There are 2 protein chains.
Amino acid sequence: MGATKTDLFTKQQNDIAAMAKALAHPARIAILQYLVKKNACVCGDLVDELGLAQATTSQHLKELKIAGIIQGSIEGASVCYCINPKVWKQYRDLFNAFFKDVDINTNCC
Amino acid sequence: MGATKTDLFTKQQNDIAAMAKALAHPARIAILQYLVKKNACVCGDLVDELGLAQATTSQHLKELKIAGIIQGSIEGASVCYCINPKVWKQYRDLFNAFFKDVDINTNCC
DNA sequence: TAATCTTATCGTAATATTGCAATAATACAA
DNA sequence: TTGTATTATTGCAATATTACGATAAGATTA
């Protein structure tokens, strides 16, 4: 026990949950907002931006990379990160599909 | 160490992360999709629907209730659940705001 | 080359989440 | 009242996440 029983659910349900999990930490939200705000590659200053230890920041970046929503490229001694716009749009579309069209009058409890 | 350092981040960042966390499990996605599909109060059959133990299902329902996205009302011996449309729309709007307007050409890495 | 800078990874501790059996609590039926 | 049905809570074990110091790996500089 302790591990999520993914086999009980559809691929789509697991996919949505996995995307949500990637967003389920304020540091990762902060990283994504920073990259979106800069609207470009950001090299090196993410550790200063967050206030977390370098190892912790690196770990959050790794999770976002594994989720596919950001990408990094080595630029000399440092690494440049940016949003992966294709995956970003996939996230947006999946969440939009999930949230769309709930009748306000559903409230019957 | 081990606990999220929420004080390092803005209220908005913590709010988005908290919402994402509520959605970050396939069982909770399945519950929400089922309630949306039924588009009404659902009494009692959620345990059969999920395939998880009754205690586990109850725990996921509790998390969704704490997040505010569903509400339950006692109906005799059983409990009826439905989407809280107000909170649902808040989620939708916050995610929409988060995902909107990322230029496809940001990709520069 | 040696020192320095940047990022990733390892190891470890603290905390959180997931899952379930057992049990409690409440409502209803016989 | 007694039994049954439904949901919540408790207690526990397994696993996952978060955080950070130490260290490694690679590039740049002196």
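What you see is a predicted model, and the numbers here were worked out from it, not measured in a lab. By convention in this document, chain letters (A, B, ...) are assigned in the order of the sequence lines, proteins followed by strands, and residues within each chain are numbered from 1.
- Nearest nucleotide to the A3(A) side chain, out of dC20(D), dT15(D), dT7(C): dT15(D).
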Please write out the pairs of protein N or O atoms and N or O atoms of nucleotides 23-27 of chain D separated by less than 3.5 Å, giving the distance to one decimal.
none

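- Distance, I29(B) CD1 to dT18(C) P: 12 Å, rounded to whole Å.
- As a whole-Å value, the separation of K21(B) NZ from dT15(C) P is 14 Å.
- Across the protein-nucleic acid pair, Q59(B) atom CD and dT15(D) atom P stand 17 Å apart, rounded to whole Å.
- Of all nucleotides listed (dG21(D), dT18(C), dA8(C)), dT18(C) comes nearest to the side chain of H60(B).
- Within 6.0 Å of the CD1 atom in I74(B), the count of heavy atoms belonging to other residues, nucleotides or ligands does not exceed 12.
- Side chains of Y34(A) and D45(A): a donor on one and an acceptor on the other come within 3.5 Å.
- With dT17(D), dT18(D), dT18(C) as the candidates, the nucleotide lying closest to the side chain of R28(B) is dT18(C).
- Contact annotation for S78(A): backbone-only contact, meaning every heavy-atom pair under 4.0 Å involves sugar-phosphate atoms and none involves a base.
- Mapped onto DNA chain C by nearest heavy atom, G44(A) and G51(B) fall at different nucleotides, with G44(A) at the one closer to the 5' end.
- Remark: C1' of dT18(C) and CD1 of I31(B) are 13 Å apart, rounded to the nearest angstrom.
- If you check the side chains of Q13(B) and T10(B), you find a donor sitting under 3.5 Å from an acceptor.
- Side-chain N/O atoms of S58(B) include one lying less than 4.0 angstrom from OP1 or OP2 on dA8(D).
- Between K89(B) and D93(B) no salt bridge is recorded (no basic side-chain N to carboxylate O distance below 4.0 Å).
- Between L50(A) and A27(A), the shortest heavy-atom contact is CD2-O, 4.0 Å.
- Side-chain nitrogen and oxygen atoms of T56(A) include at least one within less than 4.0 Å of the OP1 or OP2 phosphate oxygen of dC20(D).
- With N14(A) contributing its side chain and T6(A) its backbone, the two residues share a donor-acceptor pair below 3.5 Å.
- Contact annotation for T4(B): backbone-only contact, meaning every heavy-atom pair under 4.0 Å involves sugar-phosphate atoms and none involves a base.
- Between Y81(A) and dA8(C) there is a side-chain polar atom (N or O) within less than 4.0 angstrom of OP1 or OP2.
- Shortest non-hydrogen contact noted between R28(B) and A22(B) is NE-O, 2.8 Å.
- Atoms CG (D48(A)) and P (dT7(C)) sit 9 Å apart, rounded to a whole Å.
- Within the 4.5 Å cutoff, side-chain heavy atoms of F95(A) are placed close to those of L23(B).
- Contact annotation: K65(A) side-chain N/O to dA8(C) OP1/OP2 distance is under 4.0 Å.
- Here L61(B) lies out of heavy-atom contact (under 4.0 Å) with every strand.
- The distance between atom CG of L64(B) and atom P of dT18(C), rounded to the nearest whole Å, is 11 Å.
- If you take NZ of K5(A) and P of dT18(C), they are 14 Å apart, rounded to a whole angstrom.
- What separates CG of D7(B) from P of dT18(D) is a distance of 15 Å, to the nearest Å.
- The residue among A27(B) and K62(A) whose nearest nucleotide of DNA chain C lies closer to the 5′ end is K62(A).
- Residue-level contact check: A53(B) touches the backbone only, with heavy atoms under 4.0 Å from sugar-phosphate atoms and none from bases.
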